[in-house]
*Asks:* 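Quick one: the structure is below, and I'll ask about it shortly.
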Amino acid sequence: MTDTTAFDWRSFLLRWSGEWADSLPDDEARGEDEAAWQARWLGFPPVSEARIAAMEERLGRRMPPSYREFLKVTDGWRHAGGFVWLLAGTEGARWHDNESGLADLFEEHLDEDAGPEERREADLWRRGLQLDVESDITHVLMDPDDVDEDGEWAVYTWASWRASPPERHENFLEFMQDMYREFHSLRARPSDNEPAFVNDTTRKLDEQVEEAKLEALRGNWEEALRALDEAKEYGRPRAGGLGDQIRRLLGETYMVYFDGLVTEPRYAPELLPPLVAEHAAHSYRDDSTLTFHLRGADDDLVSLAYATLDQVRSGTCRYTAIGPFGEAVERARELARWGDTDGAWRTLREALPLWDPLGPDHLAPLGWVADPLLGPLLTPERGRELLSTPRAGQAGPASSPTVDLDPGDLAWLAEPDPGNNRTSYRFVLVEGVEPADLPGRLGEGDDTVLNEPMTYWEARHRALQSRQEFSSYDDRARMAVGRAGSGWSFAFDGDPAPFSAQRFVSPAASAGVGSRAVVVWCGLRTWHGEPFFHLSVGRDGAEQYAFTYAEGEVRQSGEIPAALNPSRFFHDLDDSSEAERSVLEAVSGEFGVHLPRHAIVNGRLHTFVTRSWTRPPGDGETYAVIRLHQNAPHPAGSESTGDDEPGTR
């Protein structure tokens with residue numbers, strides 16, 4: 001806690017006054033400020049202890065220590081920041097007593113269940129000591145009920161045009177220091193007729209920014225961010241844009257605009273994509289605000305921003321970099337598109353010391369966070385790891401690697417997901433083939449191809465938009481593909497149709513032609529009927545063994561290895577999640593396979609549509625077909641929704 005009584009008010013206020021005077025044009029008509037400019041003093045004469053005591057007797061309260069010390073130097077203050085033109089001394093301070101009517105306004109907006117703290121805040125306008133005498137509709141109140149152990153009163157400032165709650169300052173000293181920073185921030189970018197705002201304070205802060213840039217490149221990002229944030233409060237050019245680079249890698253996106261840097265053509269390739277991606281995530285197709293944070297950009301850069309926006313929305317935004325780091329980016333993308341997000345991250349991290357900045361104000365690679373394949377690699381922990389890694393030729397201690405995100409098994413599928421939406425899933429594992437070969441083994445025909453990488457829900461939504469026919473007997477799965485361990489590939493469906501033991505046809509045999517294939521369909525936590533689990537293994541075009549647990553019974557065929565014997569898992573299903581975990585662990589151990597959790601849940605993978613997992617209808621069996629007109633709405637996953645009447649066969 002700051003010792004407010006030991007603060008050197010006079011030196012602080014003299015520096016402020018001198019910097020204010022130097023910031024004014026020599027030929028400006030100053031009116032009432034002429035004397036202050038001539039004297040280089042924004043204050044007034046000091047007051048005696050007796051005068052302060054008389055003030056306290058008038059108000060009925062002893063003033064807080066920092067305000068008393070201030071009055072001993074000056075009886076009030078001109079231009080406290082940019083919006084309070086005159087701050088009260090001993091004569092001007094008075095109890096506000098709801099003079100503004102703001103207590104009634106704030107109380108009207110309280111919820112019925114508002115607590116005592118919220119009501120106390122609204123009552124500030126009745127009990128507060130008003131310090132603003134002349135202002136731009138800006139209120140400054142000291143709160144006699146918000147007192148710390150040193151007797152300091154909190155100071156609150158509020159202006160209706162700021163559209164934000166009252167801002168709290170710990171004490172009067174902190175308030176005045178904030179107003180000094182506000183003065184600097186408003187003067188930091190002088191207009192054409194104003195002198196350059198350069199003084200000892202700005203020079204010191206600009207040196208601090210330069211050192212912070214080096215500290216950031218050495219991996220000391222926390223110290224760098226503190227220094228940059230301080231400089232930003234004073235409005236130092238580029239400090240905000242530099243600090244935003246650090247914040248974005250920490251996963252922060254709110255109020256991150258790379259101010260002063262994103263509109264420079266040499267930095268735009270790195271800073272524009274994350275800015276545009278954040279706009280795309282929250283704009284709801286209203287692009288009128290895209291250029292709000294690109295003020296000063298030329299027409300070419302604005303055109304680039306809109307082109308980047310189209311790429312982000314279409315999933316085609318592709319990050320590139322120069323040199324060895326750029327080569328690592330390409331390797332990382334190839335790993336990520338087949339699900340190895342941990343390997344992709346390690347590739348980027350190991351190449352980071354070889355990264356070359358685009359200019360002196362470029363602190364770290366950033367454009368990759370908007371790349372649809374690389375962006376999902378970022379977590380706050382990985383962002384800190386990246387920022388802690390020395391780069392761009394700077395030396396520093398090596399950062400500690402973060403823990404891999406994928407557990408390296410199948411058992412994670414038994415864990416509840418956010419919202420408990422993953423109640424059923426199915427997957428196919430094929431040995432000795434590449435993921436790109438899976439459509440040929442599981443697809444409807446030779447023309448089955450992989451779609452561009454996208455999230456599972458994006459793929460499902462696009463498929464529903466283009467699909468015109470839905471059949472109750474048709475169970476063609478849309479599956480994401482990738483690598484499932486050494487020598488294995490996977491196809492995964494996280495939202496399958498309901499399981500029908502009577503109609504189900506395992507793809508294990510056809511998928512395992514000239515190889516080996518494993519099929520798992522789990523619904524031990526399904527909402528659709530009774531719990532079930534199916535495992536089948538095919539080799540060289542024939543099914544080797546299989547079992548299905550459904551309706552409380554196990555049906556099995558072939559010679560099942562002891563490790564996969566269903567009696568180990570389904571003898572007692574009181575705890576279905578434990579049974580699910582156990583059988584998944586057994587499958588993982590038996591075949592040495594895993595599924596990449598992070599890529600499936602958070603990443604983008606290639607997808608394709610398989611042939612139906614159910615047999616054709618037999619004689620006498622009926623089924624429904626829904627055919628949609630071209631402009632008819634599509635079902636949201638329910639076969640009974642549509643504009644046409646279903647036909648039965």
Side-chain angles (χ1 to χ4, degrees), residues 338-340 409-410 413 424-450 474-494 496-497 499-501 503-523 532-550 554-566 569 583-596 600 605-616:
W338 300 120
D340 187 4
D409 58 21
L410 302 174
L413 288 163
S424 178
Y425 53 86
R426 56 187 169 185
F427 56 85
V428 181
L429 306 168
V430 184
E431 188 177 24
V433 301
E434 289 297 310
D437 297 329
L438 294 183
R441 292 172 175 265
L442 296 168
E444 190 74 51
D446 294 337
D447 58 346
T448 303
V449 296
L450 292 176
D474 180 32
D475 180 18
R476 291 176 295 166
R478 176 162 295 277
M479 308 192 83
V481 304
R483 292 195 173 92
S486 180
W488 289 83
S489 295
F490 74 84
F492 180 85
D493 178 9
F499 178 75
S500 172
R503 294 185 292 154
F504 168 65
V505 176
S506 170
S510 57
V513 172
S515 180
R516 182 167 55 156
V518 179
V519 173
V520 169
W521 192 341
C522 179
F532 66 90
F533 187 93
H534 170 83
L535 168 72
S536 51
V537 176
R539 182 189 288 272
D540 295 329
E543 185 174 278
Q544 275 191 302
Y545 57 86
F547 72 78
T548 301
Y549 169 82
V554 174
R555 295 190 300 275
Q556 62 187 68
S557 61
E559 187 176 343
I560 300 175
L564 299 176
N565 192 315
F569 315 110
V583 69
L584 289 172
E585 288 175 345
V587 172
S588 182
E590 180 72 13
F591 300 103
V593 293
H594 69 270
L595 289 175
I600 289 173
L605 295 168
H606 292 283
T607 63
F608 74 101
V609 177
T610 70
R611 68 179 70 94
S612 180
W613 287 51
T614 56
R615 61 170 173 76

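Residue numbers run from 1 in the order of the sequence given. Remember, it's a predicted structure, so these values are computed and weren't measured experimentally.
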*Asks:* Given Val583 and Tyr549, is the side-chain contact (heavy atoms from CB on, under 4.5 Å) satisfied, shown in steps?
*Replies:* CA-CA 12 Å; Val583 69; Tyr549 169 82; over 6 Å; no
*Asks:* State, with a plain yes or no, whether a side-chain heavy atom of Trp613 is found less than 4.5 Å away from one of Arg503.
*Replies:*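 Sidechains of Arg503 and Trp613: no contact.
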*Asks:* From His534 NE2 over to Phe499 CZ, what is the distance, rounded to the nearest 0.5 angstrom?
*Replies:*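 One finds 6.5 Å between NE2 of His534 and CZ of Phe499.
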*Asks:* Between the main-chain N or O of Gly443 and the side-chain N or O of Arg611, is there a donor-acceptor pair closer than 3.5 Å?
*Replies:*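 Yes; at least one donor-acceptor contact below 3.5 Å.
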*Asks:* Of the non-hydrogen atoms in Trp488 and Arg516, which two are nearest, and what is the gap between them?
*Replies:*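 Closest heavy-atom pair between Trp488 and Arg516: CZ2-NH2, 3.7 Å.
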*Asks:* Which heavy atom of Thr448 sits nearest a heavy atom of Val609, and at what distance?
*Replies:*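 Smallest heavy-atom distance, with atoms named: CG2-O, 3.6 Å.
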*Asks:* Please name the pair of heavy atoms, one in Asp475 and one in Ala497, separated by the smallest distance, quoted to 0.1 Å.
*Replies:*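 Closest approach of Asp475 to Ala497: OD1-CB, 3.6 Å.
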*Asks:* What closest approach, in Å, do Asp493 and Met479 show between heavy atoms, and which atom pair accounts for it?
*Replies:*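 Minimum heavy-atom separation between Asp493 and Met479: N-CE, 3.7 Å.
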*Asks:* Students often mix this up, so state it plainly: with edges at 30° and 60°, are the rings of Phe532 and Trp521 parallel, tilted or perpendicular?
*Replies:*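 Judged by the thresholds at 30° and 60°, the geometry between Phe532 and Trp521 is perpendicular.
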*Asks:* So, taking the atom named CZ in Phe427 and the one named CG in Leu410, what distance separates them when rounded to the nearest 0.5 Å?
*Replies:*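 Here the rounded value is 5.0 Å.
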*Asks:* Give a yes or no on whether the backbone of Phe547 and the side-chain of Ser557 come within a donor-acceptor separation of less than 3.5 Å.
*Replies:*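 The answer is no, because no donor-acceptor pair under 3.5 Å joins these two groups.
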*Asks:* Looking only at heavy atoms, which two atoms of Ser489 and Leu438 are closest? And how far apart?
*Replies:*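 Of all heavy-atom pairs spanning Ser489 and Leu438, the closest is CB-CD1, 4.1 Å.
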*Asks:* Just how far is it from atom CG of Leu605 to atom CD1 of Ile600, taken to the nearest 0.5 Å?
*Replies:*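 It comes to 7.0 Å.
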*Asks:* Taking Ser588 for the side chain and Val593 for the main chain, is one N or O donor matched with an acceptor at less than 3.5 Å?
*Replies:*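 Checked: pair present.
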*Asks:* Please examine the side chains of Asp340 and Pro596, heavy atoms only from C-beta on, and report whether any two atoms are closer than 4.5 Å.
*Replies:*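 Side chain of Pro596 against side chain of Asp340, heavy atoms only: no contact under 4.5 Å found.
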*Asks:* Once you round to the nearest 0.5 Å, how far does OG of Ser506 lie from CD of Glu543?
*Replies:*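 That separation rounds to 5.5 Å.
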*Asks:* Look at the aromatic rings of Phe492 and Tyr425 and report parallel, tilted or perpendicular, splitting at 30° and 60°.
*Replies:*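 Because their plane-to-plane angle is under 30°, the rings of Phe492 and Tyr425 count as parallel.
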*Asks:* Is it the case that the side chain of Thr610 and the backbone of Leu442 share a donor-acceptor pair, with hydrogens and angles ignored and the cut-off at 3.5 Å?
*Replies:*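 Judged by distance alone, no pair lies under 3.5 Å.
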*Asks:* Would you indicate whether the side-chain heavy atoms of Phe569 and Val554 approach each other to under 4.5 Å?
*Replies:*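 No; the side chains remain at least 4.5 Å from each other.
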*Asks:* Keeping the roles fixed (side chain from Arg441, backbone from Ala511), state whether a donor-acceptor pair exists under 3.5 Å.
*Replies:*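 At least one qualifying donor-acceptor pair exists.
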*Asks:* Is there a side-chain contact between Cys522 and Leu413 in this structure, where contact means two heavy atoms from C-beta onward sitting under 4.5 Å apart?
*Replies:*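 Not touching, per the 4.5 Å side-chain cut-off.
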*Asks:* I need the minimum non-hydrogen distance between Arg476 and Glu444, along with the two atoms involved.
*Replies:*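 Minimum heavy-atom separation between Arg476 and Glu444: CD-OE1, 3.6 Å.
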*Asks:* Compare all side-chain heavy atoms of Leu564 with those of Val587 and state whether any distance is below 4.5 angstrom.
*Replies:*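 A side-chain contact under 4.5 Å exists here.
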*Asks:* In Å and rounded to the nearest 0.5 Å, what is the CD to OG distance from Gln544 to Ser536?
*Replies:*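 With rounding to 0.5 Å, CD (Gln544) is 11.0 Å from OG (Ser536).
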